[in-house]
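Following: one structure in structure tokens, then a few remarks.
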Protein chains: 2
Amino acid sequence: MKRPTLAAVAARAGVSKSSVSRVVNGEATVTPAIRELVIRAVRELGYVPNGAARSLATQRTNAVAVIVSDPPKGLSSDDPMFSAVVRTVSRVLESAGMQVTLMLAGSAESRLRAEQFVAAGHVAGVMLVSMHGADPLPASLARMGFPMVAFGRSSGGLPYVDNDNTGGAAVAVKYLLDQGRRRIATITGPLDMIASQDRLTGYRETLRDTGRRSIVAIGDFTRISGYEGMRQLLEDDPALDAVFAANDLMAIGALRALREAGRRVPHDVAVVGFDDIEAALYTAPPLTTVRSPMEDQAAATAELLLSVFNGAPGTPVIMPHRLIVRESA
Amino acid sequence: MKRPTLAAVAARAGVSKSSVSRVVNGEATVTPAIRELVIRAVRELGYVPNGAARSLATQRTNAVAVIVSDPPKGLSSDDPMFSAVVRTVSRVLESAGMQVTLMLAGSAESRLRAEQFVAAGHVAGVMLVSMHGADPLPASLARMGFPMVAFGRSSGGLPYVDNDNTGGAAVAVKYLLDQGRRRIATITGPLDMIASQDRLTGYRETLRDTGRRSIVAIGDFTRISGYEGMRQLLEDDPALDAVFAANDLMAIGALRALREAGRRVPHDVAVVGFDDIEAALYTAPPLTTVRSPMEDQAAATAELLLSVFNGAPGTPVIMPHRLIVRESA
DNA sequence: CTGAAAGCGCTAACAT
DNA sequence: ATGTTAGCGCTTTCAG
């Protein structure tokens, strides 16, 4: 009970393999009569072309690798970023007829696997997601000369789509200043990620322009790190009256720490997050945050990859941001 | 500038293609001298075997499809389930040397694509995630005779790993009864999913055993549906004193509705969720919930698929559950 | 417009 | 233990 081959279809239809191939691939130069014969045979046999054989013959593939830099155990296994990005990218790529091969590249071992996989010619291109600064993967893949784009700016100079992280952070801090807040702290993302660095820069520079000093706790984009960061900040500077968390997950953690410490939000301490994930609407009080629609960014990144396939230069794209004011600040 | 082939390596090393093939595939029957020669040539040329050619020759592949039934637009794009399941499954499968091809099968079109893809022999097996009852995909894939498992019990009788959804719901409701709650409502998941049905059954039967009546609002596992469901319940039965939400996301939505309605939790209304996602620790008050570790379930499902590859019968597995009591009930 | 034939790069008998 | 040879299933010149 094997699957029928193109030859089987040809035999059944009483035509040559070439004709079957032409019909299957939708070439125009086929007599209606033959086309009809072939289509019937295909249907009767339930024929589906063998992908490996086709790839081998054409030297092409319609698969792309989406490589997500993921810590081995998954720091926060329910990262909304992951979900939004992977789903959106899959949707866009799939409707362009591409298959998505998902690869997690957290460990050295998995990174090697990813490299080999790409080198084996399994994919036509690569999308990199959430690369940390020191990651050697972009460079080694780039050396192989594959079409490649990144979700978010990264090292290695590849085409990317990013948000204006610096500008977004600046807007958040400016808003807090306008509200009369004087001691504004921040909880950062992992500092080996460019997005974290940019958000920290936006915070720092805005504060420096007004002669105020930075109060920094380092987090890693997880709720728990926001919680712990906030506790530490409260200890370091009990008089702080505002905090800018570099993402909403950490803002959610900070909210909990403030609640436990008996501080009222926003009366005692104002909180601003970043990303505007759906959960930001459900905190108490609802979170003021900077909207950087990850889904639009993901879709744009996928489209950038498609355009690179078509020979476009792949110029970086920066998406706009916007402050969403809710009750937490 | 093409990639080097096995033949090129053979020429360079001055041996036959077979020898190269043997070395590359780690066969034992190779003289050390030849092995050395080959390894050097491989390294010098940067040779990586072509995947398509190998698949074609061996009639095998080490890719598996993970097919996620996803609504076209993505009801809640930051579904923690998606993230936890996809990442965990990828991790397990990748460390077993398999590649994961992710496919979203929400629309009829994408479903067809998934079928074709599997039929094209691209993958060695399939894992189905979050199938809705009416989905025709399991049946049509099963007809093709591929190794296949499901995350969560589904129609079609394939091997699966599931939680004891009915039992978990029963435990939650019993707990509320023990606390002296008398009017216990529920917000369900989408009723075409078996997990939703089971959780509803657990709720219903436990209540019926004590002669109490059900108060039901239908949700779809999203925060907003929990919010709206709770508002509706409050309107239908203002005197209710507890609610069992079929997942934590909806419980979070319910919490917001209760807050807006001025009900205190748990004093006026007790809330119990299901799943114990990380966010449950960060609500105000922290959520009492039923733990059904999705990650363990995902890992077990991946391992089930691997064991089916090895000829195991693929008997269903039911994972235990446990009530996690926090302050919301 | 159709068919015959030559590969794509690799593996797997088989022979040596 | 190594090499030779025949495919795996498809596409793609090239003749007809």
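Just so we're on the same page: letters track the sequence lines, and every chain starts at 1.
- The listed nucleotides are D:dA1, D:dG9, C:dT2; the one nearest the side chain of B:T29 is D:dA1.
- The residues A:R111 and A:E115 are annotated as not salt-bridged, no charged nitrogen and carboxylate oxygen being separated by less than 4.0 angstrom.
- At the phosphate of D:dG9, OP1 or OP2 sits under 4.0 Å from a side-chain N or O atom of B:Q59.
- A sub-4.0 Å separation between OP1 or OP2 of D:dT2 and a side-chain N or O of B:T31 is present.
- In this structure, A:L6 places its CG atom 8 Å from C1' of D:dG9, rounding to the nearest Å.
- Look at CZ on A:R60: it is 6 Å from P on D:dT12, rounded to the nearest Å.
- Residue A:S21 has a polar side-chain atom (N or O) positioned under 4.0 Å from OP1 or OP2 of D:dT11.
- Ionic pairing of B:R113 and B:E109 is present here: one or more N-O contacts between side-chain nitrogen and carboxylate oxygen are shorter than 4.0 angstrom.
- Rounded to an integer number of Å, the gap from CD1 of A:I34 to P of C:dC1 is 11 Å.
- For the pair A:R54 CZ and D:dT12 P, the interatomic distance rounds to 10 Å; values are reported in whole Å.
- The NE2-C1' distance, from B:H122 to D:dC10, rounds to 12 Å in whole Å.
- A sub-4.0 Å separation between OP1 or OP2 of D:dG9 and a side-chain N or O of A:T5 is absent.
- Heavy-atom nearest nucleotides on DNA chain C were determined for B:R22 and for B:Y47, and the one closer to the 5' end corresponds to B:Y47.
- Per the geometry, CZ belonging to B:R3 stands 14 Å off P belonging to C:dC8, to the nearest Å.
- For A:S18 against C:dA4, a side-chain-to-base donor-acceptor contact under 3.5 Å is present.
- Among D:dT12, C:dC10, C:dG3, the nucleotide with an atom closest to any side-chain atom of A:T58 is D:dT12.
- Nearest nucleotide to the B:S16 side chain, out of D:dT2, C:dG7, C:dG9: D:dT2.
- When rounded to the nearest whole Å, the span between CD of B:E27 and C1' of D:dT2 equals 12 Å.
- Protein atom NZ of A:K17 is 7 Å distant from nucleotide atom C1' of D:dG9, rounded to whole Å.
- Summarising the geometry, atom OG belonging to B:S55 is positioned 6.0 Å from atom NE2 belonging to A:H122; distances are rounded to the nearest 0.5 Å.
- The closest donor-acceptor contact from the side chain of A:R153 to the backbone of A:V161 lies at 3.5 Å or more, if one exists at all.
- Ring geometry, A:F82 versus B:F82: the interplanar angle falls from 30° to 60°, so the pair is classed tilted.
- The side chain of B:N25 contributes an N or O atom lying less than 4.0 Å from OP1 or OP2 of C:dT11.
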